[in-house]
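Below is one structure; the comments refer to it alone.
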Protein chains: 2
Amino acid sequence: MNISEARTRIVATADELYNARGIQAVGMDELRAAAGVSLKKLYQEFPSKGSIVMAVLERRHKSWAEGLEATVGQVAAPRERLLAIFDYLAQWFCDDSFRGCGFINSFAELGAVSPDVAEYAREHKASFQEYVSRLADDAGAPTYLAPQLSILAEGAQTTAAIAGTAEAARQARSAAEVLIDAALGVTARRAA
Amino acid sequence: MNISEARTRIVATADELYNARGIQAVGMDELRAAAGVSLKKLYQEFPSKGSIVMAVLERRHKSWAEGLEATVGQVAAPRERLLAIFDYLAQWFCDDSFRGCGFINSFAELGAVSPDVAEYAREHKASFQEYVSRLADDAGAPTYLAPQLSILAEGAQTTAAIAGTAEAARQARSAAEVLIDAALGVTARRAA
DNA sequence: ACCGAGCGAGAACGAACGTTCTCCCCTCTC
DNA sequence: GAGAGGGGAGAACGTTCGTTCTCGCTCGGT
């Protein structure tokens, strides 16, 4: 078995378990059993549980960014690309394993006690906001639109997680439509 | 010392500690020391840590509802009452002890492992949405406005918590203004 | 065939947690 | 003043966790 194959399986298994039950609720021995790996190999690949957590966060960030880009990439019109963010959310919320944004959750669980986790969550959210800003720029929207849409997306995630339903995505999407059209209307009127 | 005085001090201290560092990170002995109470009295007042957590959630719910109502109550115009929600958030975010919504945090930490915590968080959020719905009704807004504003408020809380700044409240507020005016414009046009 | 290196299984360890128990002192009553 | 009862300080207990150690076994090179 390839070494990096064990690594990726460990991280993938940890991602699932941590997402389903929380980071602190999953011990190293359970992770070892679920990943089908020996405790020795586990500590050979990762020096500590904290490093596994950081690897999981990296994996989540990559998976989120790729999934988002894939959904947004399917449409061309700048306005619809902004709305596609919420289509991605809607599809994510329908996943049975959805239990809220992993970064919000890990921040809530460990942010106060682990500066690494807190900083990574901050970076992830900042990178999302930056991505939204690029999409908003392409649509010719004023700079204040991107934070508004980001906050909507954030709120949809926590609302869907706690309520246990996916309807927040639809509601956020229609709100986004209003905000986008208002912002674009402002720039159009300004340009005229 | 009054028995209920000890109870409230225990819950108040637990609220602070749990908010600052997370529920799982604060042990019973630390809580005992911070509350200035004996371990015996602690377990005399509460049968378990879980019951303290639930009492803290109740306290948070009451404090949130009262604070919100106080801020909203200062204005009379229905539209401004809806916006006052975000003024309340702005003032809350500026508090040094702000570390995100306690319900989102406790849900992320324990929701997957404690049905009681998950259900209480759900109830709290539902009661907030209901409150927003009443305010929106008073303003004559269509029913879809309240969930939109709730999602905005939710997103502002997590964004402010993770970013560590209060500006999300201002951004959410201006987004709310757009959504409210759009919704009221629709009803006004419908009425005409 | 033999030896050494690497691996898996799981025991072991120290710390921390939630909870209970023990001991001692203070106080109130007769 | 003696005894009982309640409360505080903290030791003790059982469990769980993260991490390390031990012990055989396997397997590749000579």
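These numbers were taken from a predicted model, which means no experiment stands behind them. Residue numbering restarts at 1 for every chain, and letters A, B, ... go by the order of the sequence lines.
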Subject >> Nearest-Å distance for atom pair CD/P, residues A:Glu45 and D:dG18 >> reply: 18 Å
Subject >> Exercise: identify the closest heavy-atom pair between B:Gly100 and B:Trp92 >> reply: O-CZ2, 4.0 Å
Check nucleotides 24-26 of chain C for protein N or O atoms closer than 3.5 Å to its own N or O atoms and list the pairs.
none

Subject >> Distance-minimising heavy-atom pair for B:Gly102 and B:Arg60 >> reply: O-NH1, 3.2 Å
**OP:** Between protein and nucleotides 13-20 of chain C, map the contacts as a letter string: B base, S sugar-phosphate only, - none, heavy atoms under 4.0 Å, written 5' to 3'.
**Re:** -----SBB
**OP:** Calculate the interatomic distance between A:Leu42 atom CG and C:dG8 atom P; express it in whole Å.
**Re:** 11 Å
Original post:
Should B:Arg81 and B:Glu69 be marked as a salt bridge (charged side-chain N to carboxylate O under 4.0 Å, His left out) after you check the CA-CA gap, both sets of side-chain angles, and the distance that decides it?
Top reply: CA-CA 10 Å; B:Arg81 282 165 70 86; B:Glu69 202 126 14; over 6 Å; no
**OP:** Consider only side-chain N and O atoms of B:Ser97 and B:Asp95, and report whether a donor and an acceptor are under 3.5 Å apart.
**Re:** yes
Subject >> Partner residues of B:Thr143 under the side-chain hydrogen bond (donor to acceptor under 3.5 Å, both in side chains) criterion, sequence neighbours left out >> reply: none
**OP:** Identify the two heavy atoms, one from A:Ser127 and one from A:His61, that lie closest to each other, and give their separation to 0.1 Å.
**Re:** OG-CE1, 3.3 Å
**OP:** May I have the distance from A:Ile10 (atom CD1) to C:dG8 (atom P), rounded to whole angstrom?
**Re:** 10 Å
Subject >> Electrostatic pair A:Glu66:A:Lys62 at N-O distance under 4.0 angstrom >> reply: no
**OP:** Could you tell me whether B:Lys40 and B:Glu45 make a salt bridge, using a distance below 4.0 angstrom between a side-chain N and a carboxylate O?
**Re:** no
